[in-house]
> 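The structure's right below; bear with me while I get my questions together.
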Amino acid sequence: MADKPGVMVVVDRVEGKLAVISLGEDEEVQFELPLKYLPAGTVEGDHLRIRFEPAPESRERARKRVEELKEELTKGQDTGQKRFKL
Amino acid sequence: MAGRNTSRRGCLPVSLVLLALVVAGSFLLYQRWGRRREGPPPPFVTQGRLRVYALDVGQGDSLLVISPGGKSVLVDAGTPQSAGAMIAALRRHRIEGLDLAVATHPHADHIGGMRRVLEAIPVKNFLDSGRDYTTPTFERMLKAVRDRGVRFIAAERGQIFELDSGARLEVLSPAGKGQWITRVREGGSVENANSVVLRLSYGNFAMLLTGDAEAETEAQIMGAGGELRAQVLKVGHHGARYATSADFLAAVRPEAALISCGADNKYGHPTQETLDRLRAAQVQVYRTDLEGEIEVASDGNGFQIQPARQAEAAALWQGRQATQSDVRRGD
């Protein structure tokens with residue numbers, strides 16, 4: 001099975017521990033990423049392929065954790081209370 | 001002789017300097033000793049005036065409310081990057097504890113500094129939009145609320161938070177109990193649309209705090225009835241074009257509007273369309289990107305607005321351009 005095409009970006013330059021990355025033919029989008037997130041040995045001028053894939057399982061895990069936190073925070077509360085004196 | 005004279009002339013100033021040093025040193029010692037004896041500084045007194053500060057947090061929102069009797073409420077906490085400056089601003093305003101912290105919605109330009117606030121300053125109550133969100137920033141904020149034992153309240157229309165001296169906050173949105181706004185324009189944000197919207201009132205003065213409310217939120221608020229009139233409007237969504245509708249302005253009838261946005265924002269906030277609507281409604285505009293921190297003060301009748309620095313009137317009516325043609329979210 002052929003690899004899905006990713007998004008091609010270019011490492012325009014490295015500023016300290018940050019890589020300045022350009023996207024698009026006119027480099028109309030630029031963003032910075034710490035070098036530690038890039039393949040080891042990445043240098044200025046490198047072309048990189050990045051790929052975004054939905055990670056619903058990760059989102060679902062986060063949703064469940066937040067739901068549990070909310071339950072913990074509102075446990076035993078009078079949720080119908082309308083007036084609060086600060 | 002000349003040398004002696006010079007020497008004598010030199011002697012007198014040296015003595016004076018020494019004397020001045022002794023006096024200054026004694027004064028400083030007295031001051032320090034006195035402070036130690038007095039304990040902590042006296043509580044900040046707002047002299048019967050309600051104050052609202054639109055803190056300068058760059059491309060984000062953070063509003064500090066101090067009631068006439070000294071109750072304090074923080075509505076949003078800026079970006080993660082501005083957290084240090086925001087907490088320094090709270091200290092500058094002598095905030096040693098918050099009676100209420102509000103997260104209008106879970107985007108990081110509004111709650112980015114909230115965890116650090118919760119860790120740095122005692123907070124009694126926490127008001128949240130009630131939405132569940134899946135970012136680490138939101139989750140860590142909730143954990144900080146839990147770990148600090150802060151009372152958590154999900155916002156619901158009609159809730160009243162009484163401060164003192166008759167000052168109060170009323171929740172206008174969200175409707176609550178799962179009645180979320182789920183239909184938004186294409187590219188719009190459900191989280192923005194379900195922002196906590198508050199009406200702060202004190203005597204005859206009122207101010208609307210809108211988070212990132214969008215036109216759908218404004219329509220729902222207007223449809224719910226209730227008092228919307230406010231002399232000051234914190235403009236929704238940093239002045240984005242899909243908020244602050246002409247109908248909403250007609251309902252609120254503000255005299256002044258605050259826009260919280262960053263000088264370096266890429267999203268085109270505030271947009272020219274929003275500024276034009278405000279101008280057509282004869283609303284005086286204040287902007288944190290051009291004027292820094294903005295103070296609103298009211299004695300319950302009139303109000304005064306004092307920005308930290310002056311900006312040219314023409315610049316205040318000049319919208320910003322999005323820097324990337326493919327950025328739609330901020331439109």
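In this text the structure is predicted, and so the values were computed from the model without any measurement. Below, chain A is the first sequence line, B the second, and so on; all start at residue 1.
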> Go through the atoms of B:Val171 and report whether side chain, backbone, both or neither lie under 4.5 Å from a heavy atom of chain A.
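Neither part.
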> Once rounded to the nearest 0.5 Å, what's the spacing between atom CZ of B:Arg140 and atom CG of A:Leu69?
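B:Arg140 CZ to A:Leu69 CG: 13.0 Å, rounded to 0.5 Å.
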> May I ask you to list the residues in residues 156-167 of chain B that approach chain A closer than 4.5 angstrom, counting heavy atoms only, ordered by number?
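Against chain A, the residues of residues 156-167 of chain B that fall inside the cut-off (heavy atoms, under 4.5 Å) are B:Glu156, B:Arg157, B:Gly158, B:Gln159, B:Ile160, B:Phe161, B:Glu162, B:Leu163.
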> Going by residue number, which parts of residues 118-127 of chain B are within reach of chain A, meaning a heavy-atom gap below 4.5 Å?
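Residues in range: B:Asn125.
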> Pairs of donor and acceptor atoms involving the side chains of residues 7-19 of chain A, under 3.5 Å and at least two apart or interchain, shall be tabulated with distances.
residue : atom : partner : partner atom : Å
A:Arg13 : NE   : A:Glu15 : OE2          : 2.8

> Out of curiosity, A:Arg63 CZ to B:Glu139 CD, how far, rounded to the nearest 0.5 Å?
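The distance works out to 12.0 Å.
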> Specify the closest pair of heavy atoms between A:Val66 and B:Phe138, including all atoms of both residues, with the distance to one decimal.
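In terms of heavy atoms, the two residues are closest at CG1-CE2, 3.7 Å.
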> Other residues, nucleotides and ligands only: do more than 12 of their heavy atoms fall within 6.0 Å of CD on A:Glu57?
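More than 12 heavy atoms, drawn from other residues, nucleotides or ligands, come within 6.0 Å of this atom.
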> What part of A:Glu60 is in contact with chain B, defined as an atom under 4.5 angstrom from a non-hydrogen atom: side chain, backbone, both or neither?
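Neither the backbone nor the side chain of A:Glu60 comes within 4.5 Å of chain B.
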> Are there residues of residues 193-200 of chain B whose heavy atoms fall under 4.5 Å of chain A's heavy atoms? If so, which?
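The residues closer than 4.5 Å to chain A amount to none at all.
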> Under 4.5 Å from any heavy atom of chain B, what part of A:Leu73 do you find: side chain, backbone, both or neither?
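When you check distances to chain B, atoms from both the backbone and side chain of A:Leu73 fall under 4.5 Å.
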> Quick one: does B:Phe152's side chain get under 4.5 Å of A:Glu72's, heavy atoms only?
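The answer is no, as the side chains (C-beta and beyond) never meet within the 4.5 Å cut-off.
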> Any idea which of B:Leu100, B:Val150, B:Leu142 has the most non-hydrogen atom pairs under 4.5 angstrom with chain A?
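Counting heavy-atom pairs under 4.5 Å, the top option is B:Leu142.
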> Do B:Arg168 and A:Arg83 touch side chain to side chain, with heavy atoms closer than 4.5 Å?
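Side-chain contact under 4.5 Å: yes.
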> Contact between A:Arg61 and B:Thr134 at the side-chain level, heavy atoms closer than 4.5 Å - yes or no?
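No, side chains not in contact.
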> Flag the one option from A:Lys64, A:Arg65, A:Lys85 with the top tally of heavy-atom pairs under 4.5 Å to chain B.
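Heavy-atom pair counts peak at A:Arg65.
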